[in-house]
Amino acid sequence: MNEERYHELLGRLLDDELDSTQARELADWLPQNPDLRSDVQDHLLLWDLFSQQCQRERTADAFVEACKTRIAAGADENIFVRETEHKLRDAVGKTARTEGKSALSFIYWLRRFIPPPRWVVGFGAVLLVILGVWLFPPTGNEPTLAVAMGTRVIIERGGHSFPAQNGLKLLTGDLLKTASNDATLITCSRENTRIVISPNAALNIVSWKSGKRFELRQGRIEATVAHQPRGNPMVWRTAQAEATVVGTEFTMESATNATRLEVIEGTVKLTSLDNRQSIQLTNSQYAIAVPGIELKPQRFSGGLGTILREYWLGAEGFHVGNLTHDARYPNQPSGRDYLSSFAGPTNWGVNYGGRFRGYLHPPKTGVYIFWITANESAQLLLSSDETPGRAEMLASLSQSAPGGEWEKYPWQKSDPVALQAGRKYYIEALHKASNTGGDHCSVAWQPPGGKREVILGKFLSPFISTGEKGIP
Amino acid sequence: MRQADPFSLNEFSDLVREHQSGLRAFIRALGVETDCVDDLAQEVFVIAYRRREHFDNDKDFGKWLRGIARNLVMNERRKEARHARIISGPFTDMLLENQAEKETAEPTDLRRLVQAMNDCIAELPERSRDLLRKRYEAQNNASTLSGLFKMRPDAIRQSLMRIRAWVKQCVQNKQAWR
């Protein structure tokens with residue numbers, strides 16, 4: 001690349017006109033030119049500062065206000081969902097209260113004209129209710145969508161697509177799609193059923209009135225289902241299985257080749273669409289429906305002692321991104337093993353990527369600090385609970401550190417994290433080994449009042465794998 | 001937290017005001033898409049606020065924010081390309097690495113840098129200043145600017161790049177950069 005080409009690409013970068021091929025060209029060329037690498041970074045920084053001065057929507061005031069709003073709102077998907085639920089509940093409550101108030105006012109009004117005895121008033125009220133129901137039949141128990149502001153949820157209805165608004169009544173036949181970072185919630189107006197739809201999901205409302213039926217085309221849902229009418233259970237269908245729910249709390253995840261159902265509380269009947277085999281899942285059980293494999297209930301509290309490591313051989317590059325952008329990632333690892341501590345093998349190979357997955361079981365409630373070390377690069381993620389989707393990056397390194405060297409770079413060390421004994425937390429480390437040899441990857445922690453040490457297997461349990469064809 | 005009651009949102013807002021500009025520019029310099037910079041920067045402050053009790057008052061708050069920002073950008077790196085808020089994965093890898101090497105260097109005095117930038121822009125010919133304003137204030141792209149300035153889009157791009165390179169050199173000459 002000559003200077004002219006460099007300036008052309010830099011200009012396109014600064015004008016937001018750089019396509020992915022040009023970005024790759026720049027990324028491939030710049031590592032050999034440290035001065036120009038800094039030049040790119042300085043230009044990005046400088047012209048963003050200028051843009052902050054020029055654009056009204058980017059002023060410091062606008063930014064600070066937006067931050068305050070997000071902080072006040074919790075700006076967290078769960079809080080977001082909870083708030084949406086509250087708003088929805090409030091809205092439903094208001095309607096109910098308003099309706100109640102009108103009815104009550106009318107009774108008071110009646111009382112002004114009808115003298116005691118009170119049974120006359122009572123009789124009048126009953127009559128009024130019967131008349132009201134006859135004249136204005138109650139609206140059905142329609143599913144209502146809670147969509148928080150800024151959330152992208154698309155509804156496909158009758159051949160048209162439109163963005164969903166908060167409070168939208170869903171109709172039979174609606175296909176609902178969530179964007180990559182946006183969760184949403186379905187509630188039912190007359191029962192305590194709530195369905196949280198995770199990002200990147202597609203859900204079809206097959207029927208509602210004569211038993212609720214859904215088709216989960218992709219993605220994950222978490223549902224708390226109120227007791228359903230006898231003979232009209234709620235039914236969830238995926239490409240591989242059908243779950244019949246009378247009233248329970250469960251999660252369901254649909255991928256291309258498998259469906260995973262976890263029952264937190266209650267009972268769900270799961271039927272494989274491949275061979276019509278049915279099983280009943282109860283509290284803390286899960287099963288995976290994969291064509292050609294027998295359905296089997298399993299406990300989802302994996303035993304303590306190990307952590308799962310999956311590896312992808314023949315993955316070139318230095319960065320974790322080289323692993324996560326490998327076509328085989330995450331569904332087709334070259335292999336997997338179970339480690340008795342959070343330390344991968346040393347000098348094991350070249351050009352491979354690894355993913356450690358499991359649950360952390362803190363022995364004490366308190367504040368923990370984590371470290372990661374690796375050759376070449378690695379990332380450590382921890383969830384606020386056992387859900388992988390809530391995992392956040394704790395520590396990372398994009399350049400190699402020697403084995404046992406925990407503080408070569410400041411971001412190898414996490415901020416303090418508060419954890420509770422008796423709970424389990426999803427933990428994951430991504431590791432990329434290059435062609436230089438000397439590969440290793442380990443994670444250490446410092447429990448409250450303790451010393452830094454590699455996390456031992458007794459505090460870990462492996463990620464509950466979905467089998468060889470499983471869901472990531 | 002430095003100079004602030006860690007539990008007061010108003011006090012925290014002062015810290016946001018103090019650090020927002022540099023943090024946003026820092027995030028952009030890691031290869032985050034223009035439209036996503038402020039969104040990601042807000043997430044950094046939300047996380048910082050949530051974890052404010054863990055911040056050591058004796059440490060550099062800006063550095064702590066930049067650490068959180070790095071992690072968030074690396075999170076973006078893990079997403080599928082079409083969902084990520086970065087220009088491109090390999091490009092961001094390269095910028096992350098470059099930035100990591102710079103982290104040990106003396107931090108730039110942002111006020112001085114912005115002052116120098118404005119001084120340099122003031123030294124530009126009127127037409128060049130006008131081109132910059134129309135590019136950044138009105139957020140016009142090269143095609144629109146070509147209509148306004150009666151120039152071909154590639155000539156607009158070249159002019160803009162020449163102006164930018166000159167301003168950057170001018171800022172460096174004023175020794176406002178590290």
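Lettering follows sequence order; numbering is per chain, from 1.
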Open item on the list: For A:R70, is there an ion pair with A:E65 - N to carboxylate O distance below 4.0 angstrom?
Closed with: no
Task: Closest-packed option against chain A by number of heavy-atom pairs under 4.5 Å, given B:V114, B:V16, B:D93, B:I47 - done: B:D93
Open item on the list: Need one label for A:S51: side chain, backbone, both or neither, based on atoms under 4.5 Å from any heavy atom in chain B.
Closed with: both
Task: Carboxylate-amine/guanidinium proximity below 4.0 Å for B:D38 and B:R24 - done: yes
Task: Check ion pair A:D42-A:R37 (N to O, under 4.0 angstrom) - done: no
Task: Plane angle bin for A:W29 and A:Y6 - parallel if under 30°, tilted between 30 and 60°, otherwise perpendicular - done: tilted
TODO: Side chain from CB out, backbone as N, CA, C, O: work out which of these in B:M117 comes under 4.5 Å of a heavy atom of chain A, or both, or neither.
DONE: side chain
- [ ] Select one option (side chain, backbone, both, neither) describing which atoms of B:L160 are under 4.5 Å from chain A's heavy atoms.
- [x] side chain
Open item on the list: Is A:Q41 close to chain B through its backbone or its side chain, or both, or neither, when contacts mean heavy atoms under 4.5 Å?
Closed with: both
Open item on the list: Any donor-acceptor pair under 3.5 Å linking the side-chain atoms of A:D61 with those of A:T59?
Closed with: no
Task: Contacting region of B:I27 [heavy-atom separation from chain A under 4.5 Å] - done: neither
- [ ] Heavy-atom distances under 4.5 Å only: say whether B:R135 touches chain A with side chain, backbone, both or neither.
- [x] side chain
Task: Residue part contacting chain A, namely of B:Q158, when any heavy atom lies under 4.5 Å - done: neither
Open item on the list: Quick one, B:L132 with A:W47, criterion side chain to side chain contact (heavy atoms under 4.5 Å, CB included). Give me CA distance, side-chain angles, the key distance, then yes/no.
Closed with: CA-CA 10 Å; B:L132 270 188; A:W47 297 107; 4.0 Å; yes
TODO: Just give me the residue among B:G89, B:G67, B:P90 that pairs up with chain A most often, heavy atom to heavy atom, under 4.5 Å.
DONE: B:P90
Task: Contact origin within B:N118 toward chain A - heavy atom pairs under 4.5 Å - done: side chain
TODO: Anything in residues 7-18 of chain A with a heavy-atom distance to chain B below 4.5 Å? Please list those residues in order.
DONE: A:H7, A:L10, A:G11, A:R12, A:L13, A:L14, A:D15, A:D16, A:E17, A:L18
Task: Interface moiety of B:I121 toward chain A, non-hydrogen atoms closer than 4.5 Å - done: side chain
Task: Contact class of A:D19 relative to chain B, heavy atoms under 4.5 angstrom - done: neither
- [ ] Under 4.5 Å, heavy atom to heavy atom: which of residues 370-379 of chain A reach chain B? Give them by number, or say none.
- [x] A:Q379
Task: Criterion side chain to side chain contact (heavy atoms under 4.5 Å, CB included) on A:F63 and A:Q52, from CA distance to verdict - done: CA-CA 10 Å; A:F63 183 85; A:Q52 290 173 30; over 6 Å; no
Open item on the list: Could you check whether atom CZ of A:R24 has more than 12 heavy atoms from other residues, nucleotides or ligands sitting under 6.0 Å from it?
Closed with: no
- [ ] Taking the six-membered ring of B:F55 (Phe, Tyr or Trp), confirm whether the NZ or CZ of B:R52 is under 6.0 Å from its centre and within 45° of its axis.
- [x] no
Open item on the list: Which one wins on heavy-atom pair count under 4.5 Å against chain A: B:R133, B:R162, B:E43?
Closed with: B:E43
- [ ] Please state whether the side chain, the backbone, both or neither of A:D28 comes within less than 4.5 Å of a heavy atom of chain B.
- [x] neither
TODO: Can you measure from CD1 (B:I163) to CG (B:L131) and round to the nearest 0.5 angstrom?
DONE: 4.5 Å
Task: Partner chain A: residue of B:A138, B:G22, B:G31, B:S13 with the largest heavy-atom pair count (under 4.5 Å) - done: B:S13
Task: Region of B:D39 in contact with chain A, defined by heavy-atom distances below 4.5 Å - done: both
Task: Whether B:R28 side chain and B:E33 backbone form a donor-acceptor pair below 3.5 Å - done: no
Task: Salt-bridge present (B:R152, B:D154; N to O < 4.0 Å) - done: yes
